[in-house]
Structures are given as structure tokens and as C-alpha cells.
Amino acid sequence: MPEVAPAPDPPAADAPEPSSRVIPTLAAIVALAFAARLGCFLLKATVATDAYYYVRIAKMMLAGDWHHALTHGYHPLYPALTALSSFVFGDVAAAGHAVSILLGALTAVPAWFIGARLGGLRSALFASLLVAVHPDCVDVGSDILVEATFVFFFISGVACALRAVALLDLRAAALAGLAGGLAYLTRPEGLALPAFAAIAIFVAGLPRFCATAAPRWGRRATAASVTVAVFLACFVPYVVKIHDHLGRWAVTGKSGGEAFVAGAKEGTGEGQKTVTEKGTQNPLYRPWYFVRKFSMTIYLGFLPLLLAAAFVSVPRAPDHRLARLALFGLLAIYLPPLLRLLYAKGYLSTRHLLLPSVVVVLLLAPFAAALSEKWKRGLATLVLLLAAVALPKSLRPGRRDQLPLKEAGLWLRATAPGAELMGPEKVAFYAGVNFRIVPDSRESRGIEADMREAQVMWLVLLESDEPGVSAKLDGRFQLVKECGNGEGRVQVFRLAP
């Protein structure tokens, strides 16, 4: 019997990269992501304003006050992880930073698998690099903020959902539901994930995507049901807790959730008022505002990709049309509620747009992978110069203008440890105490009445937030500490007994 000749080796462009190279490459990208976030943390002079609330909720959990911790409004998973990590780091604030830095860096792992589904190993490399060095991801991933944890669970869920869509893998479907539940327990927008997964699993059975194989509708129904059921196991207990607290059904206790209630009131912050007023005067203002903010988050994430694209060369596979369409579908599910929030509350921050911007950047990864084969070193040098100018300005990690708030808080911690104050959250964070808001009247008698009722003796005023209020205070308020100058001036007053 004649010997059969072995099949020829596949072309180099289509050959898979050996796993021995994938793991070290991915580990190097995660290390890069970790270093970028750690460096940003070291450069920041102060924490974000919301850090006060996450630390306070974590301390409630450590004290066993679960009722107030679960009904605070902020979703509980990130504070719970912070509280748990505090046993390792010995400090709640340090634990909050550590959770964000670690999970932010690990988000590069599911991004790799999403990129591989979109366009093979070359695309996977770029997708992972994008998440590793995306300036907004690095910024929030170095602070005591919930976004890094949320993006990690959400992107992990998307990676599992794409596997479930492609292979009808029930374990992947269950993991997608679990990741969606954990994402929801971090931010309410996690609701989009199970809807995305269930719809994508069914759409993948249509003849357009499944022309040569049986659609297996029973298996698809099972996979979608598994995803939704696992998600509901995480979702229902927390929603019941919110109902018990608010007396009505709602998916979140946060103030932003009121935007989805009939007759929602407009936001009261200065930025929210400005957007609302300009939007009323010009119907095109709010769409322009939305597109401008969204484009900036995409641009800042895409720019570092341009640097790597000229230098990195790995095998590239054809784009995966179904995975690409699924991510576009995810945007279609995720963005309308954000537009509703913008129109109802007059407010939309970069943190709201971070996840959809990461999804768009992941969609751009195959495009950049294709370009990287054609670009020349001269163009790469030009892009490097542009990035060197643009990226530091985009991050602004210093927050040096907020140092007076930190100084005032640390002074109060040393001078009157444990004494509550009336004033900014950030001062209360560094003082390690609770705070009360300055009353709307901004009058000396009204402030004094509120402070005596709450048995608070310390008043802290930031000039940019409370312009001219310090000049209206009477002799019962004694100025004991002043930090900074101009609009950043912080004054500490003690109310006479």
C-alpha cells in the first residue's frame, strides 16, 4: 500500500501562535497594565471624591452594619471586596486602591480573548494592550472607584458570552450570567450583560450566521436560560433589599436611577444645571455633548494603540463577523439608558462612558492589527511624538489643586481625631470621619443651627464651592486653619461651645 504524503504545513499568516508564547505575552501585558495603574496612583495627590463613600460602606461592612451598607445607594460588591482586602493590607483605603489596580490590570485578560474572537492573535494582542494603557481605564483603575471592578466583570462576561455564542458552551453561558450578576452588584449598568448574552445566543442561530449547520434551538434556549438564571440568582436578593428600603421596586438605590422613574427631577449640581439649561435653549446641544464626551474617551484609548501597531508583528486571522456584530448589539443595548440619564438628569460623566468606549476600542483592534502590517517606522515616530504631548495632558493624574483639602483633612485627623465635620467629602475622607453637607441657606445662623443639632463643632469651607460664605460667619465661628489660596482656599472653623 503506497504511503500517503503528509499534509503541507499551513501558511505562516494562518498558523496559530504557540501557547508557550501566548502566556508570557499576556503576562507581560498584565504587568504593564499593573505598572501603569500603580504609577498613576503614586502620581495622584488626592483620591477621587466618591472614595469617601466606598470607604465608609466598607467600614460599615467590617463593623457588621449590613443593613446600612446594603441600602446606602452605591452597589455593594466593590466595598465588599475592599473590606475583604483590608485584612491583607491592614487599611481600608489601601485595600480600595489595591482592588482597583489589580482588577483593572487583569481586565487585559478577557480583552485578549475578545480580541481573538474578533480577528485572531494579532487582534487579541492589540485588544489587550488597549485595555492595559487606555488613559481613562488607568485613571479610574488607580483610584478608590468602582469602575475598574465593574469593567473587569463586564468584559469578562462579554468574553464568556462570545464563547457561549460560538460554541453553545453551557459553562461559558453560566459564567457569563455570573459575571453579569457581579457586574450588576458593582454598577446597575451590569443589567445589560445578560440581555446581550441571551439575544446574541439566539441571533447566532439565524441562517445568516448558521447556514451550514443546524441552529440547535433547544441548546440555544438552554444556554440563554442558564445565563439568565445565574444572573437572577445574583440580581433578585439585592433588588428585594432595595424594595424593602425604598418601598418600591427599583433596580438601583442610586440617585441616577431616579432618571428612569416617571416625572424624574432634574439634577441639582452646577454641571447638571448647565447641561439642562443649554439643552433647553438648543435641542442639538445634548446630542453634541454626548458625542463629544464619548469621542474623547475613544480617542484617548485608541491613541496608545497607534504606537504599538507600527512595531508589533504576530499572526493575524480573518475577522469574526458574528463577534463583531454582537459587540455592536451590546452598544445598542447599553447606550440608550445613558441617553435617558443625560436628558432626565442633565448629567453624564466620563465614568459612565468608559465601558462603551472600551467596547468601541476593542472593535477597532482588528483594524489596527491590519494597519500594523503596512505602517512604516517614520509614521510611528510621528505618532509617538503626538502621543508624548497628548497623553500626559489627558490623564492629569496630579490633582495638585486639591491638596488643600487633603491638608485640612490630615490636620483635623491630628487635631481632633474622630470629630465629625460639616464640609467637603474629601476633607472627611482624610480626617477619617463622617461629614454633613453645608445647608442651602449658606447663612451663619442656619449653619450654626444645623451644626448644634448634629453636635458638630468643625466647619470646613472650600471657596470654590461656598464662595463668600466665610465672610458671612459671625463671631461664634473661629478660624483655626487655612490652606491654599484663591478658589482653592480651604478654611477650617471651630464653632464656640
Side-chain angles (χ1 to χ4, degrees), residues 16-43 78 81-82 85 88-89 94-160 162-163 175 179 182-183 186 300-309 311-315 354-355 357-359 361-362 364-366 368-369 372 387 391 395 397:
E17 185 177 6
S19 58
S20 60
R21 289 180 57 193
V22 170
I23 294 176
T25 301
L26 188 52
I29 294 174
V30 172
L32 171 65
F34 184 87
R37 285 153 180 78
L38 181 62
C40 192
F41 158 66
L42 296 174
L43 286 171
Y78 174 66
L81 293 174
T82 299
S85 299
V88 176
F89 294 94
H97 283 294
V99 170
S100 290
I101 291 172
L102 180 60
L103 294 184
L106 288 176
T107 306
V109 176
W112 175 285
F113 291 104
I114 293 173
R117 292 266 169 209
L118 288 170
L121 289 173
R122 177 183 290 274
S123 179
L125 178 62
F126 285 114
S128 189
L129 278 171
L130 276 174
V131 173
V133 297
H134 188 303
D136 288 322
C137 288
V138 172
D139 188 19
V140 301
S142 62
D143 219 325
I144 307 176
L145 290 171
V146 72
E147 277 68 30
T149 303
F150 172 66
V151 171
F152 169 75
F153 285 119
F154 202 104
I155 295 299
S156 297
V158 171
C160 293
L162 292 180
R163 179 177 175 83
L175 288 174
L182 296 176
T186 309
L300 293 176
F302 189 55
L303 188 55
L305 167 69
L306 305 182
L307 301 179
F311 295 100
V312 179
S313 178
V314 295
L354 180 61
L355 178 68
S357 79
V358 168
V359 172
V361 168
L362 291 175
L364 292 172
S372 72
L391 288 181
L395 266 178

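This structure is a prediction, so every number in the text was calculated from the model and none was measured.
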CD-OG1 distance between Glu147 and Thr107, expressed to the nearest 0.5 angstrom: 12.0 Å

Ser357 side chain to Leu354 backbone, donor-acceptor under 3.5 Å: yes

Spacing of CG belonging to Leu102 relative to CG belonging to Leu81, to within rounding of 0.5 Å: 10.0 Å

Ile144 side, atom CD1; Ile101 side, atom CD1 - distance, nearest 0.5 Å: 10.0 Å

Nearest heavy atoms of Ala179 and Ser156, plus distance in Å: CB-C, 4.4 Å

Set of residues satisfying ring-ring contact (aromatic ring centres under 6.0 Å, His included) with respect to Phe153, sequence neighbours excluded: none

Heavy-atom closest pair, residues Ala108 and Ser128: O-OG, 2.9 Å

Ser142 side chain to Val138 backbone, donor-acceptor under 3.5 Å: yes

Residue of the set Asp143, Thr82, Leu145 for which side chain to side chain contact (heavy atoms under 4.5 Å, CB included) holds with His97: Asp143

Contact check, side chains of Val358 and Phe154, non-hydrogen atoms, under 4.5 Å: no

Shortest non-hydrogen contact between Gly141 and Ala148, atoms and distance: CA-CB, 3.8 Å

Test log, rule side chain to side chain contact (heavy atoms under 4.5 Å, CB included), inputs Thr186 and Phe152: CA-CA 10 Å; Thr186 309; Phe152 169 75; over 6 Å; no

Ala124 versus Ala116, closest heavy-atom pair with distance: CB-N, 3.5 Å

Distance in Å, Cys40 SG paired with Asp139 CG, rounded so as to fall on 0.5 Å steps: 5.0 Å

Closest non-hydrogen atom pair between Pro110 and Ala159, with its separation: O-CB, 3.9 Å

Reported OG1-to-CG distance for the pair Thr149 and Leu103, which is rounded to 0.5 angstrom: 4.5 Å

Check: Leu121 and Leu125 side chains under 4.5 Å, non-hydrogen atoms: no

From Tyr78 atom OH to Leu182 atom CG, the distance as rounded to the nearest 0.5 Å: 16.0 Å

Non-hydrogen atoms of Ala183 and Phe150 that approach each other most closely: O-CD1, 3.5 Å

Which atom pairs, donor and acceptor, lie under 3.5 Å between side-chain atoms of residues 26-38 and protein residues at least two apart or in another chain?
from, atom 1, to, atom 2, distance (Å)
Arg37, NH1, Ala33, O, 3.0
Arg37, NH1, Ala132, O, 2.8
Arg37, NH2, Val131, O, 3.0

